[in-house]
Amino acid sequence: MTSGQPQTGRDAPAAFSRPTALDASSPDGRAAIDSLIERFGVAIDSFLVRAGKAQHVSDQFDLRRRALTGSYCYFEHLPATLRILQEVTTPEALGEHGRGICGSPIGPQIHCMIWSYLIARENEIGLGRSAGAPEDLALVLDWWSRMTTVYRADGFLLPHEAGQTLPSAPPELVTRTLAEHVLPSGARSAVSKLTAGLQLYQYVLRGEQRGTIFFHGPYPDGNGSAILVEEFTRMRFNELPWSPEAGTLPYDSVAAILRVPDVAFEFDIFAGMTADPVDYSSHVTEVALVTRDGGTTAPITEAEIPHAVAAMDAAKRIVFRETLQWTPDFRVAYGAYHYLDFLVPFLEETDTDPAAIVNLRRQFEETVARRLPEILAAERLPVWERLFERTHPLFSGVAA
Amino acid sequence: MNRDPGFIPAGHGTMVSGGSAAVTGRFVALLEVSDLLEVMDRDDGPFIAYMTYPNVTMIAPAYDVMSGIVCEHGDAVSHVAIVAREIDVPCAVQTRLEIPLEQLRGREVRLSASGQLEVWDEGTP
């Protein structure tokens, strides 16, 4: 557990520094690719062990096939999307853009690049088919590692390499924002109810995917306390066709910033958080609530919270009833839109031609239309067998 | 033998949220989505939700009218437990029922601070 000051595990790899692009054609490049895949596999193994109880199953959705559907969209279209981005930006610039409170893209979206690409790739390998072009794999890993390096800004790529920490913003920004917008102590309960409600709303909106529920930190405040950030983004404006009209909710982004002494927090790769003690609410000494809608940080006042809760409750019920109407096929196919919504921020935050987003949506939909019959009919999904049986290495190297 | 009306033991679990006072409500088993829809359609006041697994989707659309949550499985870090603490709703996990589920549906139950689940019994004259 980590409290306040991020710590480094004794067995953590050396800090990451590699400014040059990965080259799949050279021995050194292939070794670097395999090293990154292995490190990512360790992070996923840690994540699966920590979240192992769920086993990625649901009463309502086929989560494994849903994830595979979206992953194939990445497998087919992520390299081309990164080549479009290369024309207008760098991984470092995009990683820097994501840093902050309610930044974009956020950590889970950055990690989703490699997660999704490797999931589909491993499934293809398990089916005895092509692992894809080595240069595509190199490109994905290069963007992921360079973005993450700048995004975290602590020399590490993954939470387990840095004491299960997930820094995603400059600590001084977090501390200053909390100080500027701290709410009266009597508002803490209302904030807690709002963030819990937003968690549930996002969970329903995203078909039992954490999506943009994003815990990050801990940020040291210099006094031994940890500061925790819990944020929600893309609630009003996103790529989900079933999302309520934008006016249904008052905010697209919300962040709660909490000062929590004497509690140790751990974060996983997809921004889940555990606390010790588990019930940390009584330890919270300060809380601020802000939105980044419009591009600037603005406080959400105590008086505004009840309206936000009511709007979110109403929207949640609307979305839930709509998802119940989905056909069995769409209960898998909807993954394409989730994964699209995780990739679109990369394009939105650059000077990419807006037509690229329209084109990407069309490409994702075409991939799903083509892949879905096989995914639905498959008796075996090799990648999930491999992951949940924890067959190591979880992901094959470049030579596969 | 005559029995006075009152709460009688119905099960016991481990409290992972709340625990400072007992809560009461109608016992509703959320085992399938149709159970949840029925609750949403009825909208007739606070209830104590029983679930087999700590699946937050089953509480998400109706969490604002729950007075308590009772779960057969789960632990302190289950998503349901985390959410229950944030919305300040008492939640018991690893609950073992002493009365068959079907006999509890729709009846008034009480979840105590110690994790004791009790059901209202009309007694016998």
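All of these numbers come straight from a predicted model, not from anything done at the bench. Both backbone and side-chain heavy atoms feed into the values below; hydrogens, waters and symmetry mates do not. Here is how names work: the chains are called A, B, and so on, in the same order as the sequence lines, proteins then strands, and each is numbered from 1.
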**Message:** Need one label for A:Leu324: side chain, backbone, both or neither, based on atoms under 4.5 Å from any heavy atom in chain B.
**Reply:** side chain
**Prompt:** Considering residues, nucleotides and ligands other than B:Tyr53, do more than 12 of their heavy atoms fall under 6.0 Å from its OH?
**Reply:** no
**Request:** Check each atom of A:Lys316 against the heavy atoms of chain B and say whether the ones under 4.5 Å are side chain, backbone, both or neither.
**Result:** side chain
**Prompt:** For A:Val204, is it the side chain, the backbone, both, or neither that has a heavy atom closer than 4.5 Å to a heavy atom of chain B?
**Reply:** side chain
**Message:** What part of A:Asp313 gets within 4.5 angstrom of chain B, counting heavy atoms only: side chain, backbone, both, or neither?
**Reply:** side chain
**Fill in**
Checked A:Val319, A:Val309, A:Val278 vs chain B; the most non-hydrogen pairs under 4.5 Å come from A:Val278
**Under 4.5 Å from any heavy atom of chain B - which part of A:Tyr201** = neither
**Request:** Measure the CG-CE distance between A:Asp279 and B:Met15 for me, rounded to the nearest 0.5 Å.
**Result:** 11.5 Å
**Request:** Please look at A:Ser281 and chain B and tell me whether the side chain, the backbone, both or neither of the residue comes under 4.5 angstrom of a heavy atom of that chain.
**Result:** neither
**Request:** Among B:His79, B:His73, B:Glu32, B:Met58, single out the residue with the greatest number of heavy-atom pairs under 4.5 Å to chain A.
**Result:** B:His79
**Asked** What part of B:Val33 gets closer than 4.5 Å to chain A, counting heavy atoms only: side chain, backbone, both or neither?
**Response** side chain
**Request:** Using a 4.5 Å cut-off on heavy atoms from C-beta on, say whether the side chain of B:Asn55 contacts that of A:Glu208.
**Result:** yes
**Message:** Side chains of B:Asp64 and A:Arg317, heavy atoms from C-beta outward: is any pair under 4.5 Å?
**Reply:** yes
**Request:** Identify the two heavy atoms, one from A:Lys193 and one from B:Tyr63, that lie closest to each other, and give their separation to 0.1 Å.
**Result:** O-OH, 4.3 Å
**Message:** To the nearest 0.5 Å, what is the distance between OG1 on B:Thr57 and CZ on A:Phe61?
**Reply:** 7.0 Å
**Prompt:** Which distance, rounded to the nearest 0.5 Å, do you find between the CG of A:Leu194 and the CD1 of B:Ile87?
**Reply:** 12.5 Å
